[in-house]
Asker: 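Supplied in structure tokens, the structure appears directly below.
Computed from a prediction, not measured in an experiment: that's the story for all the values here.
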Amino acid sequence: MSDILAFTIFVLIFTIGEYVAVKTKANVDVVLFVAVVLLVGFWVGLPKTIYEASGILPMAGIIITLLIVGMGNMIDFAELKRQWKTVCISIIALTTACFALVFVGQFVIGRDYALAGTPVFSGGTAATVAMKTILGDKGKEYLSVYITLLLGLQSLVGIPVSSQFLKRAGKAFKNNKAEFELYRHAVTGELTSDKKKLIHFPESLNRPSFHLMKLGVVGVVSYYFSAILLKFTGVNISYIIVALIMGTIFTEIGFLDKDTLGKTDASGFILFGCVIILFSDFATCSPSDVIALLKPMAFILLVGTFFGCITGAICGKIFKVEKNLAIVMCLTCMYGFPATMYLSKEVAEVTAENEEERQIIENYLLPKMNIAGFVTGSFATVLAGIFGGML
């Protein structure tokens, strides 16, 4: 198989996945579609050498690092402060679910499966990317197939369930005339921070290549910081985890602009590459492997979802947040960004009766969903480093 043919097949699958996500109102997201197509595809004859032929695997470390730095870049401390209820609900729900999964799971499905699966459930794609890197370094590739399958299955559970709850939340918001009118006058620009930055670059450098270079610099700093930390302190923290933190720090000091990943004009390719890379283990995954992993995956999904939903509903009452929305804040741990963005936009589109209503509902849902996704993803990515070190 030629390299361009292999690459084009991957792009075709991803493109159809995006189309399906739009047509199904995000009930079937891109990650789930790509997972199912590749898994079944390898079983029915898709060449197992397609990853090697496409040339995408050698770029895996680069693509993943740029994405994680970009994720850290999108965490806004000022917005976290404004959305403190979202942060509290997300963290409390995750803490409860993680406690149940790790401490109960080790007796039901085994210590390794509990430790590897918990961060994936708690943080979706970002945590899976981080955990796969850690597992590869530790020589536990057999767990990579498990967590990749878990990611696909939890999207199958989390996204349709979240979509239904989010639609109810959107309708409840629309029917709340006072709150609806409040958001009618909200202007996105008013939510941006005017805090002065330590570093400023001339406007002439505001080019895609410069933004891409800055992401790369932060990735390099993260890699060598992790290596130096290990050498002098013995503390082994994956550079992927450090990249998330560094992305936030370098944004606060002004080295990275807001939405630097988007300004590279390469965000679409990076997201595509990251999703495709996630499922490289499927090339060697047989139906019997999937059957053997059903028990640990079912436990993670059932126990995690149950505790997440119950805790979300309780937290909604405590923090006086609409119950359906609070539950979805918890469930964002099952898919994270960018599915949080897709869901918010799609729900706003199907709930609204006109363009103005669509924008108002989106302004209400999107910040909360993105913050919840960032919080769960960040929390779980850190968990991936902690639990990965315990494997």
Side-chain angles (χ1 to χ4, degrees), residues 1-24 28-70 125-126 128-133 135-137 139 141-153 155-156 207-209 211-213 215-216 219-220 223 240 243 261-290 338-339 342:
M1 178 180 287
S2 66
D3 52 1
I4 187 61
L5 175 60
F7 178 80
T8 303
I9 290 174
F10 280 140
V11 176
L12 176 63
I13 294 172
F14 188 83
T15 302
I16 296 175
E18 288 191 314
Y19 177 79
V20 170
V22 172
K23 288 300 181 180
T24 61
V28 178
D29 76 321
V30 177
V31 173
L32 172 60
F33 181 85
V34 172
V36 172
V37 170
L38 288 180
L39 184 62
V40 176
F42 285 123
W43 290 350
V44 299
L46 186 67
K48 298 184 183 300
T49 58
I50 188 171
Y51 274 96
E52 289 76 10
S54 69
I56 199 169
L57 284 183
M59 297 180 63
I62 298 172
I63 292 174
I64 290 170
T65 301
L66 293 177
L67 180 69
I68 296 298
V69 172
T125 304
T128 305
V129 168
M131 183 57 81
K132 281 176 69 72
T133 302
L135 291 175
D137 294 339
E141 286 80 4
Y142 71 96
L143 289 173
S144 293
V145 174
Y146 158 63
I147 65 172
T148 306
L149 286 171
L150 179 61
L151 174 67
L153 284 177
S155 297
L156 178 62
R207 303 182 61 81
S209 58
H211 292 298
L212 187 62
M213 181 275 293
L215 287 176
V220 171
Y223 180 86
I240 295 296
L261 188 61
K263 293 179 179 179
T264 64
D265 287 349
S267 58
F269 175 78
I270 292 172
L271 284 172
F272 152 76
C274 185
V275 171
I276 295 299
I277 289 166
L278 277 174
F279 304 107
S280 59
D281 297 311
F282 282 6
T284 58
C285 182
S286 66
S288 60
D289 293 330
V290 176
Y342 294 149

Asker: Applying side chain to side chain contact (heavy atoms under 4.5 Å, CB included), can you list everything that pairs with Leu212, at least two apart in sequence or on another chain?
Answerer: Leu66, Thr264
Asker: Does the pair Phe282 and Leu149 meet the rule for a side chain to side chain contact (heavy atoms under 4.5 Å, CB included), with working shown?
Answerer: CA-CA 9 Å; Phe282 282 6; Leu149 286 171; 3.6 Å; yes
Asker: Parallel, tilted or perpendicular: which describes the rings of Phe14 and Phe272, with under 30° parallel and over 60° perpendicular?
Answerer: perpendicular
Asker: For Leu38 versus Phe10, what's the shortest heavy-atom pair and its separation?
Answerer: CD2-CE2, 3.9 Å
Asker: So which atom in Cys285 and which in Leu39 form the shortest heavy-atom distance, rounded to 0.1 Å?
Answerer: SG-CD1, 4.2 Å
Asker: Answer yes or no: does atom CZ of Phe42 have more than 12 heavy-atom neighbours from other residues, nucleotides or ligands under 6.0 Å?
Answerer: yes
Asker: Take Ile64 and Lys132 through the test side chain to side chain contact (heavy atoms under 4.5 Å, CB included) and record every step on the way to the result.
Answerer: CA-CA 11 Å; Ile64 290 170; Lys132 281 176 69 72; over 6 Å; no
Asker: Just how far is it from atom CG of Asp265 to atom CZ of Arg207, taken to the nearest 0.5 Å?
Answerer: 10.0 Å
Asker: Got a second to check how far Leu135's CG is from Thr128's OG1, nearest 0.5 Å?
Answerer: 10.0 Å
Asker: For Phe33 and Ile13, which heavy atoms make the closest approach, and how far apart are they?
Answerer: CE2-O, 3.5 Å
Asker: Identify the two heavy atoms, one from Pro47 and one from Met1, that lie closest to each other, and give their separation to 0.1 Å.
Answerer: CG-CE, 3.4 Å
Asker: What is the minimum heavy-atom distance between Ile63 and Cys274, and which atoms define it?
Answerer: CG2-N, 3.7 Å
Asker: Calculate, to the nearest 0.5 Å, the distance between atoms CD1 and CD1 belonging to Ile56 and Ile277 respectively.
Answerer: 5.0 Å
Asker: How long is the gap from CD1 on Ile50 to CD on Glu52, to the nearest 0.5 Å?
Answerer: 10.0 Å
Asker: What's the spacing between Ile68 CD1 and Leu215 CG if we round to 0.5 Å?
Answerer: 12.0 Å
Asker: Just verifying a value: how many Å separate Leu151 CG and Ile147 CD1, rounded to the nearest 0.5 Å?
Answerer: 8.5 Å
